[in-house]
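Here the structure is laid out as structure tokens; the discussion comes afterwards.
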Amino acid sequence: MLLENLIPHGFQTQLHYPPQAIEERSLKELYLTLSEKYRYDQFTLLGGGQGASLKQGTHRHTEIYHDRLAIKEQPTSLSFEEFTDQVLSISKEIREKIRVPLWVLQQSQIRFLVPF
């Protein structure tokens, strides 16, 4: 059995872009598109036009803000390569739908719970 299946772990990535207004319609279209592929079952618009949150249960989240995208998968059985492929696919969809001009900064975290 692979080590990543034995040790609980999670991933989180934030991609920052210049602040912009995001139309509610674009966020709803993103939810419909992404929920087919990634099985999101919850959609919440954030107050004040700040963006939206897409969730599948308590372990998979994609949050779209006016200045950044946050993708969280924790705990997960995905490998880092699978998570990276997922981030690339989601960010491509988001870039096309809300017209992100460029990604300014990326921050990633890998979290492990290592038993003693």
Side-chain angles (χ1 to χ4, degrees):
M1 182 172 257
L2 296 174
L3 187 59
E4 59 248 357
N5 292 334
L6 298 174
I7 300 174
H9 64 283
F11 304 109
Q12 177 178 345
T13 294
Q14 285 193 28
L15 295 162
H16 296 258
Y17 47 86
Q20 62 183 31
I22 304 172
E23 294 180 11
E24 186 177 312
R25 180 178 181 208
S26 297
L27 294 169
K28 290 178 180 177
E29 288 174 1
L30 271 170
Y31 170 68
L32 293 173
T33 302
L34 294 174
S35 64
E36 288 178 20
K37 187 170 185 179
Y38 297 105
R39 302 180 309 278
Y40 291 112
D41 55 10
Q42 299 173 36
F43 174 76
T44 307
L45 285 171
L46 304 176
Q50 291 296 306
S53 175
L54 292 72
K55 297 181 181 179
Q56 178 195 21
T58 58
H59 67 282
R60 177 178 285 163
H61 305 266
T62 295
E63 298 161 347
I64 305 161
Y65 299 99
H66 73 285
D67 63 347
R68 72 187 177 281
L69 163 67
I71 301 171
K72 302 173 188 173
E73 185 86 29
Q74 52 192 15
T76 186
S77 61
L78 292 178
S79 69
F80 184 68
E81 291 80 18
E82 291 169 325
F83 177 73
T84 303
D85 290 343
Q86 179 178 299
V87 167
L88 289 172
S89 176
I90 291 171
S91 62
K92 181 181 176 191
E93 279 294 329
I94 290 173
R95 191 185 79 224
E96 291 172 0
K97 291 276 191 222
I98 65 172
R99 309 244 189 265
V100 173
L102 70 133
W103 301 111
V104 177
L105 171 72
Q106 177 182 350
Q107 298 173 315
S108 296
Q109 281 184 327
I110 301 173
R111 300 173 67 180
F112 289 96
L113 288 173
V114 180
F116 288 92

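Residue indices begin at 1 and follow the sequence shown.
- When all heavy atoms are compared, the tightest approach of His66 to Ile22 is CA-CD1, 4.0 Å.
- In terms of heavy-atom proximity, Tyr40 sits nearest to Ile90 at OH-CD1, 3.7 Å.
- Here the shortest heavy-atom pairing between Glu82 and Ser77 reads OE1-O, 4.3 Å.
- Considering Glu73, Gln74, Gln42 as possible partners of Arg60, the one that fulfils the side chain to side chain donor-acceptor pair (under 3.5 Å) test is Glu73.
- The main-chain N or O of Ser79 is never found under 3.5 Å from a side-chain atom of His9 such that the two would form a donor-acceptor pair.
- In this structure, the ring of Phe80 has its center less than 6.0 angstrom from the ring center of Phe11.
- Separation of atoms NZ (Lys72) and OG1 (Thr58) is listed at 12.5 Å; rounding is to 0.5 Å.
- Heavy atoms only, all atoms of each residue included: Gln20 and Pro101 are closest at OE1-CD, 3.7 Å.
- Arg39 contributes atom CZ, which lies 12.5 Å from atom CG of Leu34 (distance to the nearest 0.5 angstrom).
- In terms of modelled atom types and a separation under 3.5 Å, the side chain of Ser91 and the main chain of Leu88 share a donor-acceptor contact.
- A salt bridge does not link Glu63 to Lys55: none of the charged nitrogens lies less than 4.0 Å from a carboxylate oxygen.
- Summarising the geometry, atom CG belonging to Leu30 is positioned 7.5 Å from atom CG belonging to Leu54; distances are rounded to the nearest 0.5 Å.
- Interatomic distance, Arg99 CZ to Glu23 CD, rounded to the nearest 0.5 Å: 10.0 Å.
- Using modelled atom types and a 3.5 Å distance limit, the side chains of Ser108 and Thr13 yield a donor-acceptor pair.
- No chain of hydrophobic side-chain contacts below 4.5 Å, direct or via other Ile, Leu, Val, Met, Phe, Trp or Tyr residues, connects Val104 to Ile94.
- From Lys28, atom NZ reaches atom CZ of Phe43 across 6.5 Å, with rounding to the nearest 0.5 Å.
- Looking at Ile71 and Gln86, their side chains come closer than 4.5 Å, going by heavy atoms from C-beta outward.
- In terms of heavy atoms, Tyr17 sits closest to Leu15 at CD2-O, 3.9 Å.
- Atom CD in Gln12 sits 5.5 Å away from atom CD in Gln14 (nearest 0.5 Å).
- Judged by distance alone, the side chains of Thr62 and Tyr38 never bring a donor and an acceptor atom under 3.5 Å apart.
- Smallest separation of non-hydrogen atoms from Tyr65 and Leu46: CE2-CD1, 3.4 Å.
- One hydrophobic cluster, built from ILVMFWY side chains closer than 4.5 Å, cannot hold both Leu105 and Leu69; they sit in different ones.
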